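A, B, ... follow the sequence lines: proteins, then strands. Residue 1 opens every chain. Every heavy atom of this structure was used, including side-chain atoms; hydrogens, water molecules and symmetry mates were not. Worth saying up front: this structure is predicted, and the values here are computed from it rather than measured.
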There are 2 protein chains.
Amino acid sequence: MSATTPETPTKLQLLELLAAIGTAQWRDFAAAASHHGLTSTQAKVLAQLGGPLPMRALATLLVCDASNVTGIVDRLEARGLVRREPDPTDRRVKNVVATDQGRDVIRRVREEMQATHGALDTLGADDSATLYALLARLRPGMEKDA
Amino acid sequence: MSATTPETPTKLQLLELLAAIGTAQWRDFAAAASHHGLTSTQAKVLAQLGGPLPMRALATLLVCDASNVTGIVDRLEARGLVRREPDPTDRRVKNVVATDQGRDVIRRVREEMQATHGALDTLGADDSATLYALLARLRPGMEKDA
DNA sequence: CTCGATAGTTGAGGAGGTCAAGTAAACAAT
DNA sequence: ATTGTTTACTTGACCTCCTCAACTATCGAG
């Protein structure tokens, strides 16, 4: 009942905490994106565009249907944040590229995730390293598909 | 460039890792929900219903407009997973309550988050406690609103 | 060259989301 | 007590996200 020391937290407690952190980070991201007139999905797509990416690759990354990407990229393109370029080696594929404006916007969104940045700043170097190591061990298992 | 030891990870690396874990967990949750014919939003609502909750409280928890909750609860109610009950002390409010079937479904969804459970199982008691303590320190800062 | 796979789009339709407007009930307020 | 303000919820219009099925264009193998 009380806020006792978590000697050995139950898996359920850990799960709940992980979910709460994930939710909070997502809200932070969505809020920052919204300040720049973007939905969280649009921002997520923009965040993937380090370089040119075919529509299909984008759909794979987002784990969604290809037809969905068409609409999202349509709207990003209408705002001038992204361009569709023909692929020189395969005339079927269209590579999506972030424009200068697009790169600028997503950079600012990342910078403006204040809650997340603030929370991470409360951790010292040692704690950061420990957390990083633990999460890195968790990651491969989490990304395995059923 | 290579996968070097993360002596002191940069904040950006930590941020990226945290985002990846959050995304993976969310996908796991959505997949489990989908096995039971639920969207992730519906499952999320069901997960909040430990006890009766007014529509308004639900909207606050989900950080969304109240009119949105109307539709979500409509669909849950149509499947018999949830009931709207009049509040005895305030005739304006309708308390949302999970039915037996609703409780059952959300319990199974939680159990079926295999990727997440599997990943957490790779951690020993000590590591779990350490991770829990670190995340618990992060949480309050993350949930602060800008 | 033809056949089968792949990349992308379109259209239909559902779910999630917002905003504006409306109804009903609670709460003041002297 | 009646008048006015606030609160809880719903409805309707409208957008984005998302899936599925169907279509076009291109690629690649035999």
Quiz item: Between C:dG16, D:dT10, D:dC9, which one does the side chain of B:T39 approach most closely?
Solution: C:dG16
Quiz item: Can you check the A:D87 CG to D:dT26 P distance for me, whole Å?
Solution: 14 Å
Quiz item: Would you say A:Q25's side chain and A:T116's backbone share a donor-acceptor pair under 3.5 angstrom?
Solution: no
Exercise. Give the minimum heavy-atom separation between B:L123 and B:S128, together with the two atoms involved.
Key: CB-OG, 3.7 Å
Quiz item: For B:Q42 and C:dG14, what is the distance between atoms CD and C1' respectively, to the nearest whole Å?
Solution: 11 Å
Quiz item: Is the shortest side-chain N/O distance from B:K94 to OP1 or OP2 of D:dT10 below 4.0 Å?
Solution: yes
Quiz item: The side chain of A:D90 lies closest to which of these nucleotides: D:dC27, D:dT10, C:dG8?
Solution: D:dC27
Just the table, please: protein N/O against nucleotides 5-7 of chain D N/O, every pair under 3.5 Å.
from  : atom 1 : to    : atom 2 : distance (Å)
D:dT7 : O2     : B:R92 : NH1    : 2.9

Quiz prompt | Atom of B:A98, atom of B:R103 and distance for their closest heavy-atom approach | solution = O-NH1, 3.0 Å
Self-check item: Atom-to-atom span, CG of A:L46 to C1' of D:dC17 - whole angstrom
Solution: 17 Å
Exercise. Could you tell me whether A:D87 and A:R92 have a side-chain N and a carboxylate O separated by less than 4.0 Å?
Key: no
Quiz item: For the residue pair B:L138 and A:A119, what are the closest heavy atoms and their distance?
Solution: CD1-O, 3.5 Å
Quiz item: Atom CE of A:M55 to atom C1' of C:dT10: distance rounded to whole Å?
Solution: 12 Å
Practice problem: Return the value, rounded to whole Å, for the distance between atom CG of B:L76 and atom P of C:dG16. | Solution: 8 Å
Practice problem: Tell me whether the OP1 or OP2 atom of C:dA26 has a side-chain N or O from B:R91 closer than 4.0 Å. | Solution: yes
Quiz item: Should the pair A:R108-A:E112 be classified as a salt bridge under the 4.0 Å nitrogen-to-oxygen rule?
Solution: no
Self-check item: Rounded interatomic separation in angstrom, taking CH2 from A:W26 and C1' from D:dC17
Solution: 12 Å
Quiz item: What's the CZ-C1' distance between B:R84 and D:dA8, to the nearest Å?
Solution: 12 Å
Practice problem: Using a cut-off of strictly less than 4.0 Å, decide whether A:R79 has a side-chain nitrogen or oxygen near OP1 or OP2 of D:dT16. | Solution: no
Quiz prompt | Over all atoms of both residues, closest heavy-atom pair of B:E111 and B:H117 | solution = O-CD2, 3.5 Å
Quiz item: Just how far is it from atom CD of A:Q13 to atom CG of B:L135, taken to the nearest 0.5 Å?
Solution: 12.5 Å
Quiz item: Counting just side-chain N and O atoms, does A:T70 come under 4.0 Å of either OP1 or OP2 of C:dT9?
Solution: yes
Quiz prompt | Atom pair distance, as rounded to whole Å: CG in B:D74 and C1' in D:dT11 | solution = 11 Å
Quiz item: Once you round to the nearest 0.5 Å, how far does CG of B:L58 lie from CD of B:Q48?
Solution: 7.0 Å
Protein-nucleotides 18-21 of chain D N/O pairs closer than 3.5 Å?
from   : atom 1 : to    : atom 2 : distance (Å)
D:dC18 : OP2    : A:N68 : ND2    : 3.4
D:dC18 : O5'    : A:N68 : ND2    : 3.1
D:dT19 : OP2    : A:D65 : N      : 2.7
D:dC20 : N4     : A:S67 : OG     : 2.5

